[in-house]
Amino acid sequence: MAMPLRQTIKVATYLIEQKLRKRDKFPLIVELEPLFACNLACEGCGKIQHPAGVLKQRMPVAQAVGAVLESGAPMVSIAGGEPLMHPQIDEIVRQLVARKKYVFLCTNAMLLRKKMEKFTPSPFFAFAVHIDGLRERHDESVAKEGVFDEAVAAIKEAKQRGFRVTTNSTFFNTDTPQTVIEVLNYLNDDLKVDEMMISPAYAYEKAPDQEHFLGVEQTRELFKKSFAGGNRARWRLNHSPLFLDFLEGKADFPCTAWAIPNYSLFGWQRPCYLMSDGYVPTYRELIEETDWDKYGRGKDPRCANCMAHCGYEPTAVLATMGSLKESLRAARETVAGSR
């Protein structure tokens with residue numbers, strides 16, 4: 001299953017508009033980071049390695065909303081850090097939803113039950129809860145006990161209150177097909193979250209743990225075995241069919257990091273939210289002054305093992321739109337998943 005039908009139609013319309021305007025680079029979704037502070041210290045994340053003065057900063061509402069509007073993207077993923085630590089995060093969400101942007105608020109859910117009443121259910125809004133495994137595995141990945149149980153309780157309450165809830169699961173070389181299957185079965189069948197996003201971990205330069213990131217062949221083998229036996233068709237995965245083909249080695253694509261730009265306290269980040277080759281103040285400068293051709297597997301050694309959605313999901317989406325066969329395939333899966 002890909003994204004919901006209404007969202008699929010909006011994104012498809014947006015892509016057609018870009019083609020008619022003959023734009024070769026445009027954003028599908030903005031990765032918005034209105035703060036870097038977090039209430040957890042995950043081993044695979046380098047965001048809280050910033051100096052204390054930076055961790056205290058919070059992006060003003062007008063700046064956050066203005067960046068999204070400047071880009072023109074139809075979707076926004078709000079991350080961090082932990083966005084629920086931002087005192088005005090509800091206002092950022094409210095203003096973006098009012099402009100009919102599809103907003104995903106990424107959270108570890110430690111504060112979700114306390115802050116949930118500040119938000120209103122909407123087809124344009126979803127909580128995206130990070131779940132990296134079942135209890136023991138997830139708590140180990142975030143270096144704190146009890147986080148999995150709190151996240152599960154928050155997901156259940158959010159669903160009861162009428163919110164859309166998606167999940168984001170990152171997998172490392174310590175994972176096996178069985179651990180992937182176990183957590184996705186639980187999210188899909190027991191918690192019944194609306195959609196699930198999956199990604200092989202990327203080796204952040206500042207991440208404390210640099211030993212457990214997946215290589216390309218490891219990634220393909222992991223997902224090929226995890227998707228077997230009808231799992232891929234059964235799980236409510238929030239990805240295009242071609243990106244799932246990419247994960248299990250049935251297709252390969254170049255990186256299109258320009259389609260998921262990152263905006264943070266420092267500005268627009270080159271070239272993507274996983275790598276930092278400097279910042280520029282405007283979206284136009286990011287697109288026009290970045291040498292996009294030098295990034296991607298086979299071009300930059302930092303990209304050698306990257307198969308993350310931020311670089312390759314957009315390529316898969318564009319390839320889908322450029323093929324009648326793949327468009328029909330994606331449409332069938334969307335319709336089937338919406339029943």
Side-chain angles (χ1 to χ4, degrees), residues 2-3 11 15 18 23-33 44-47 71 73-77 79 104 106 128 130 168-173 196-207 213-220 222-223 237-264 268-280 283 286-322 326 330:
M3 62 184 72
V11 172
L15 290 173
Q18 306 314 303
R23 292 176 176 167
D24 61 347
K25 290 183 176 61
F26 47 84
L28 280 176
I29 182 169
V30 169
E31 292 279 354
L32 177 66
E33 295 179 319
C45 177
K47 297 297 182 178
S71 76
M75 299 181 287
V76 187
S77 174
F104 299 85
C106 303
H130 204 93
N168 181 9
S169 299
T170 305
F171 299 108
F172 297 80
N173 66 11
M196 302 174 292
M197 189 170 75
I198 57 178
S199 183
Y202 176 81
Y204 281 105
E205 291 180 350
K206 293 184 177 181
F213 296 100
L214 287 160
V216 171
E217 292 307 317
Q218 288 177 302
T219 295
R220 290 169 174 166
L222 177 66
F223 288 109
L237 296 171
N238 185 19
H239 294 289
S240 63
L242 275 180
F243 180 71
L244 298 178
D245 286 351
F246 170 75
L247 285 183
E248 59 175 313
K250 293 180 177 178
D252 202 9
F253 300 112
C255 174
T256 48
W258 45 263
I260 305 186
N262 172 271
Y263 185 78
S264 72
W268 293 99
Q269 180 172 320
R270 290 174 169 157
C272 64
Y273 83 98
L274 298 175
M275 292 164 51
S276 180
D277 282 356
Y279 301 84
V280 292
Y283 173 74
L286 174 73
I287 295 300
E288 295 181 357
E289 298 179 13
T290 302
D291 184 1
W292 299 102
D293 291 336
K294 72 178 185 179
Y295 296 106
R297 283 186 286 115
K299 298 178 180 179
D300 188 312
R302 295 171 297 176
C303 305
N305 289 317
C306 181
M307 294 181 70
H309 67 280
C310 64
Y312 296 97
E313 177 82 80
T315 327
V317 171
L318 295 173
T320 299
M321 290 294 294
E326 292 300 334

Check: [Y] and [X] side chains under 4.5 Å, non-hydrogen atoms:
X	Y	answer
F26	I287	no
H130	T170	yes
S71	W268	yes
R220	D252	yes

[X] side chain vs [Y] backbone, donor-acceptor pair below 3.5 Å:
X	Y	answer
W292	C255	no
H309	S199	no
Q269	P261	no

Residues in side-chain contact (heavy atoms from CB on, under 4.5 Å) with [X], at least two apart?
X	result
C306	Y202, L274, A308, Y312
D291	D293, K294
M196	T167, L184, L187, N188, V193, W235, L237
A316	S240, L242, F243, F253, E313

Test side-chain hydrogen bond (donor to acceptor under 3.5 Å, both in side chains) applied to [X] - qualifying residues, sequence neighbours left out:
X	answer
T315	T256
T290	R270
N305	none

For the atom pair [atom1] ([X]) and [atom2] ([Y]), what is the distance rounded to the nearest 0.5 Å?
X	Y	atom1	atom2	result
S264	Y279	OG	OH	5.0 Å
M75	I29	CE	CD1	5.0 Å
T219	N173	OG1	CG	9.5 Å
L28	S77	CG	OG	13.0 Å

Those residues that, when tested against Y295, pass ring-ring contact (aromatic ring centres under 6.0 Å, His included) (two or more places apart): none
Counterpart residues, ring-ring contact (aromatic ring centres under 6.0 Å, His included), relative to F104 (two or more places apart): none
Please identify each residue that fulfils salt bridge (charged side-chain N to carboxylate O under 4.0 Å, His left out) with [X], with sequence neighbours left out.
X	answer
D277	R302
E31	none
K25	none

Go through the steps for F171 and F223 under the test side chain to side chain contact (heavy atoms under 4.5 Å, CB included), then give the verdict. CA-CA 10 Å; F171 299 108; F223 288 109; 3.9 Å; yes
For I198 and L247, the nearest pair of non-hydrogen atoms, with its separation, is CD1-CD1, 4.0 Å
